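Structure first, commentary second.
Since the model is a prediction, treat every value here as computed from it, not as a measurement.
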Amino acid sequence: MSYLFLIIAIVAEVIATSALKATESFTRPGPSVLVVVGYAAAFFCLSLTLKTMPVGIAYAIWSGVGIVLVTAIAWLWYGQRLDLPALIGLGLIIAGVMVINLLSKSVAH
């Protein structure tokens, strides 16, 4: 169940972060509500994850996957460009999350 809560936390945080630009400094109510609700759901689900997963590991996975997904959405939705160093950095983040999940004994498999 901890991975399910972590996935929900990641998705909620990615939605909230992606909507942050659309709030226009919290002057638009719709996107602003989405951001607040998304972050609240993300932190709630992350707190449920932490019942069984170490905080450092959960946060590393949450932030790493979130960075990659938000960057992909910014590229697709907002047309933000990614140069080679950015792509290499994202690849290293993905590799780090995979190493944690596949090889670390800190994560209950």
(request) Give the cluster check for I10 versus F43: same hydrophobic cluster or not, with ILVMFWY residues linked at side-chain heavy-atom distances below 4.5 Å. (result) yes
(message) If you define the side chain from C-beta out and look only at heavy atoms, does anything of I15 sit under 4.5 Å from V11?
(response) yes
(request) Compare every heavy atom of E13 with every heavy atom of G66, then report the nearest pair and how far apart it is. (result) CA-OE1, 4.0 Å
(request) Work out which heavy atom in A42 is nearest to a heavy atom in A12; give both atom names and the distance. (result) N-CB, 3.8 Å
(request) Before giving the answer on side chain to side chain contact (heavy atoms under 4.5 Å, CB included), spell out for Y59 and T49 the whole-Å C-alpha distance, their side-chain angles and the decisive distance to 0.1 Å. (result) CA-CA 10 Å; Y59 192 75; T49 301; over 6 Å; no
(message) Under the rule for side-chain contact (heavy atoms from CB on, under 4.5 Å), what residues qualify as partners of A16, not counting sequence neighbours?
(response) Y39
Counting only pairs under 3.5 Å, give me each side-chain donor-acceptor contact of residues 69-80, with atom names and distances, residues two or more places apart or in other chains.
residue : atom : partner : partner atom : Å
T71     : OG1  : I67     : O            : 2.7
Y78     : OH   : S18     : O            : 2.8

(message) Restricting to non-hydrogen atoms, name the atom on T52 and the atom on S2 that form the minimum distance, rounded to 0.1 Å.
(response) OG1-CB, 3.0 Å
(request) Check whether any side-chain N or O of T23 sits under 3.5 Å from a backbone N or O of L20 as a donor-acceptor pair, and report yes or no. (result) yes
(request) Report the distance from atom CD1 of I88 to atom CG of L84, rounding to the nearest 0.5 Å. (result) 4.0 Å
(request) Not counting sequence neighbours, which residues clear side-chain contact (heavy atoms from CB on, under 4.5 Å) with A60? List them please. (result) I100
(message) Could you list the cluster mates of L48? Members are the ILVMFWY residues connected by side-chain heavy atoms closer than 4.5 Å, either directly or through other members.
(response) M1, L4, F5, I8, F44
(message) Hydrophobic clusters here meaning ILVMFWY residues chained together by side-chain heavy-atom distances under 4.5 Å, can you tell me if V99 and L102 are in one?
(response) yes
(message) I need the minimum non-hydrogen distance between P31 and A19, along with the two atoms involved.
(response) CB-O, 4.1 Å
(request) Can you spot which of I61, I57, V65 makes a side-chain contact (heavy atoms from CB on, under 4.5 Å) with L6? (result) I61
(request) Return the set of residues passing side-chain contact (heavy atoms from CB on, under 4.5 Å) with V68 (not counting sequence neighbours), or none when no residue passes. (result) L90, I93, I94
(message) I want to check something: taking the side chain as every heavy atom from C-beta on, are N101 and V97 in contact at a cut-off of under 4.5 Å?
(response) yes
(request) Under 4.5 Å between side-chain heavy atoms, chaining through other members, with only Ile, Leu, Val, Met, Phe, Trp and Tyr counted: pull out the rest of the cluster around V33, sorted by chain and number. (result) V37
(request) Of all the heavy-atom pairs spanning A9 and W62, show the shortest one and how long it is. (result) O-NE1, 3.4 Å
